[in-house]
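Scope of the values below: all heavy atoms of this structure, side chains included, with no hydrogens, waters or symmetry mates.
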Amino acid sequence: MLEDDFSELETLRLEKINRLREQGIEPYPTTTFITHTTAEAVAAFEAVEADADAALTAVVLAGRLRAIRNMGKLSFAHIEDRSGKLQLLLRVNELGQEKLDAFVSDFDLGDFIEASGTMMRTKRGEVTLLVEDFRMLAKALLQLPADKDEVVNGEVIRHAVLTDPETRYRQRYVDLAVNPEVREIFSKRTATIRALRAFLDERGFQEVETPILQPIYGGAAARPFTTFHNELNQELYLRISFELYLKRLIVGGLERVYEIGRDFRNEGVSFKHNPEFTQLEFYMAYADYHTIMEMTEQMISFVAQQVLGTQKINFNGHEIDLTPPWNRVQIRQGLIDHAGIDINDYPNAVALSEWLKEHHIDHKPDAPRGKLIGVLMEEFLEPILIQPTFLYDYPRDISPLAKNVPGDPQTVERFEGFIGGVELCNAFTELNDPMEQEKRFTEMGRAYAENEEERHPMDEDFLKALAYGMPPTGGFGIGVDRLVMMLTEQRSLKEVILFPPLRDTESGPSA
RNA sequence: GGGCGCGUAGCUCAAUGGUAGAGCAGUGGCCUUUUAAGCCAUUGGUUCAGGGUUCGAUCCCCUGCGCGCUCACCA
């Protein structure tokens with residue numbers, strides 16, 4: 001029972017509700033009569049303010065009470081709605097003593113109020129609603145964390161905000177209610193996804209939806225979440241990527257498709273990893289990875305312009321310029337330049353591992369060649385991945401779905417985009433040779449044979465689809481949460497996910 | 001999963017081996033132009049939980065729970 005946990009304060013507010021009901025006032029009415037948002041009311045007033053003959057601006061507003069200053073025969077208050085804050089002035093002159101007393105005694109911070117009256121400007125110059133009547137819209141039982149704004153030289157100083165991360169994540173509704181900058185982050189998140197869609201729609205891409213529950217997971221190397229469908233009597237997996245389904249659609253002739261949705265990976269959590277995350281993948285027939293690289297830098301700079309109005313961001317302590325063209329670094333050349341090693345001289349894992357050992361670089365000695373190259377990249381290329389950079393031409397053995405670089409059997413046409421040292425996206429020229437694809441699946445199966453969970457399961461139907469013929473295709477995937485994290489200059493994915501995963505507690509999932 | 005750190009009032013934070021305090025919000029009062037309103041008074045605590053040491057633990061020790069940072073993992 002909600003009531004069991006009530007403190008003195010909540011009990012007091014419950015009594016106010018009962019008192020309202022006794023007076024025949026419904027504390028949770030159904031209908032409102034709003035005519036303007038607070039911002040619209042201010043704009044409407046300012047438009048006619050200079051004109052002395054203009055009629056008074058009469059409005060009905062609604063919002064949450066965020067500040068109350070009672071001063072005997074009058075009260076000031078601030079209400080907040082989606083468009084901003086507005087001051088209310090309640091005076092005995094307009095309301096009468098009884099009505100004003102009702103406001104003082106029954107209304108608390110956090111309550112939703114409807115107020116009608118005319119717009120005016122106070123002696124201090126603030127546009128204000130002179131209230132002629134008001135009504136309870138919804139009574140708050142629990143008190144929001146106290147937060148006050150002080151304006152000093154035009155700068156808003158926040159006092160006593162809610163900062164405890166656990167409370168902010170578990171009770172995001174409170175976080176959102178009291179921290180406008182948090183609302184701003186999620187507004188930018190929405191704008192980001194809107195801009196991504198606009199960019200792709202403009203270029204003739206078709207947005208699609210593919211299964212989240214899959215009998216075979218694929219398209220990435222991650223451990224899946226497993227579930228069970230009772231009626232089908234079958235184990236199913238939550239998808240770890242969209243890739244294999246979207247490429248089936250390319251086979252089907254859709255030519256340009258994309259999907260924005262949730263992927264699920266049963267792995268660790270960090271500032272840049274979350275077990276469920278939003279992914280955008282697109283596939284474009286008759287494109288290769290160079291085309292996709294150009295599209296990527298165009299897309300991200302377009303999104304930044306739409307969302308932020310600029311191409312410059314500050315992420316991870318770095319000033320970053322997203323303006324195309326981005327740096328392009330071929331992995332082999334990058335390692336020659338920065339590590340002094342030509343990986344083509346080390347055609348197998350054993351040789352590479354020897355080199356790493358000689359240079360005292362920590363690694364798993366039995367890792368496949370591609371992973372050891374990954375170790376080299378982390379060790380030597382990290383510093384050049386601050387400004388937007390494409391690393392390209394990846395080892396084949398860690399890229400089972402990408403097409404070979406012509407004439408180089410160890411390397412595939414794949415790139416990853418990095419910003420601020422964090423991997424943002426992954427793309428390649430898609431492997432469309434069904435026989436070669438089957439071989440790759442088999443190789444992956446062997447490479448990970450000792451680790452059943454990491455095995456790349458064979459998707460026979462996907463091979464069948466390729467066998468019907470898939471045009472040359474470029475494919476692309478981006479972690480949307482990471483993109484939002486960069487654009488909003490946050491340090492953790494949790495700050496851009498409305499309800500980040502937290503351990504369950506006794507009092508329930510989010511309390 | 002490993003390491004480090006944190007957990008005190010609704011929020012933000014103090015303090016102490018002798019059972020806890022401030023600001024904000026809350027409650028009562030004064031106040032007709034305030035905006036962190038002001039002034040006076042005042043309520044509010046299982047100091048995360050359990051155990052140990054001690055005459056006495058919120059503080060020291062152990063265990064658990066939760067959160068943060070970090071390492072590993074996540075091609």
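- Sorted by first and then second residue, the ring pair (Phe, Tyr, Trp, His ring centres under 6.0 Å) pairs involving residues 409-432 of chain A (not counting sequence neighbours) are A/Phe390-A/Phe415.
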message: As a quick check of understanding, evaluate ring pair (Phe, Tyr, Trp, His ring centres under 6.0 Å) for A/Phe107 and A/Phe134, giving each step before the final call.
response: CA-CA 11 Å; A/Phe107 284 72; A/Phe134 61 86; 5.4 Å; yes
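- Judged by distance alone, the side chains of A/Asp133 and A/Ser116 never bring a donor and an acceptor atom under 3.5 Å apart.
- Here B/rG26 sits opposite B/rU42 as a Watson-Crick or G-U wobble pair (both hydrogen-bonding atom distances under 3.5 Å).
- Residues A/Asp393 and A/Tyr289 have side chains that bring a donor and an acceptor to within less than 3.5 angstrom of each other.
- For A/Asn70, the side-chain contact (heavy atoms from CB on, under 4.5 Å) partners are A/Ile68, A/Ser75, A/Phe103, A/Val104, not counting sequence neighbours.
- To the nearest 0.5 Å, atoms NZ (A/Lys247) and CD (A/Gln437) are separated by 6.0 Å.
- Across the C1' atoms, B/rU58 and B/rA9 are found 14 Å apart, a figure rounded to whole Å.
- With B/rC67, B/rU35, B/rA75 as the candidates, the nucleotide lying closest to the side chain of A/Leu502 is B/rC67.
- Under 3.5 Å, the side chain of A/Asn93 and the base of B/rU32 form at least one donor-acceptor pair of N or O atoms.
- In this entry the distance linking CG of A/Asp164 with C1' of B/rU12 reads 11 Å, nearest Å.
- Put simply, the side chain of A/Glu126 and the base of B/rU34 share no donor and acceptor less than 3.5 Å apart.
- Counting atom types as modelled, A/Arg124 pairs no side-chain N or O with a base atom of B/rU35 as donor and acceptor under 3.5 Å.
- The two residues A/Met458 and A/Glu438 have their closest heavy-atom pair at CE-O, 4.2 Å.
- Around the CZ atom of A/Arg491, the shell of radius 6.0 Å holds no more than 12 heavy atoms that belong to other residues, nucleotides or ligands.
- Every residue two or more places apart in sequence or in another chain that forms a salt bridge (Lys or Arg N to Asp or Glu O under 4.0 Å) with A/Lys357 is listed here: A/Glu354.
- A distance of about 16 Å separates the C1' atoms of B/rG23 and B/rU42, rounded to the whole Å.
- Of the nucleotides present, B/rG52 is the one that pairs with B/rC60 by Watson-Crick or G-U wobble criteria, both distances under 3.5 Å.
- Taken residue by residue, residues 413-427 of chain A places heavy atoms nearer than 4.0 Å to RNA chain B at A/Arg414.
- A donor and an acceptor atom never sit less than 3.5 Å apart when one is taken from the side chain of A/Ser270 and the other from the base of B/rU70.
- With a cut-off of 3.5 Å on both pairing distances, the Watson-Crick or G-U wobble partner of B/rG68 is B/rC4.
- Comparing B/rC11, B/rG66, B/rU34 by their closest approach to the side chain of A/Leu162 singles out B/rC11.
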statement: Protein-proximity profile, nucleotides 21-30 of chain B, B/S/- by nucleotide at the 4.0 Å heavy-atom cutoff, equals --BBBSS---
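- When the side-chain nitrogen and oxygen atoms of A/Ser399 are compared with OP1 and OP2 of B/rA75, none of them lie within a distance under 4.0 Å.
- Across all strands shown, B/rC73 remains unpaired; no Watson-Crick or G-U wobble contact has both distances below 3.5 Å.
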- request: Could you go through the side chain to side chain contact (heavy atoms under 4.5 Å, CB included) check for A/Gln490 and A/Ile185 one step at a time?
  value: CA-CA 9 Å; A/Gln490 296 300 306; A/Ile185 287 170; 3.5 Å; yes
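- Within residues 72-81 of chain A, the residues having any heavy atom closer than 4.0 Å to RNA chain B are, in order of number, A/Gly72, A/Lys73, A/Leu74, A/Phe76, A/His78.
- In a base pair of the Watson-Crick type (N1 to N3 plus N6-O4 or O6-N4) or a G-U wobble (N1-O2 and O6-N3), with each distance short of 3.5 Å, B/rU35 is matched with no nucleotide.
- Pairing partner, B/rG17: none, since no Watson-Crick or wobble contact has both distances short of 3.5 Å.
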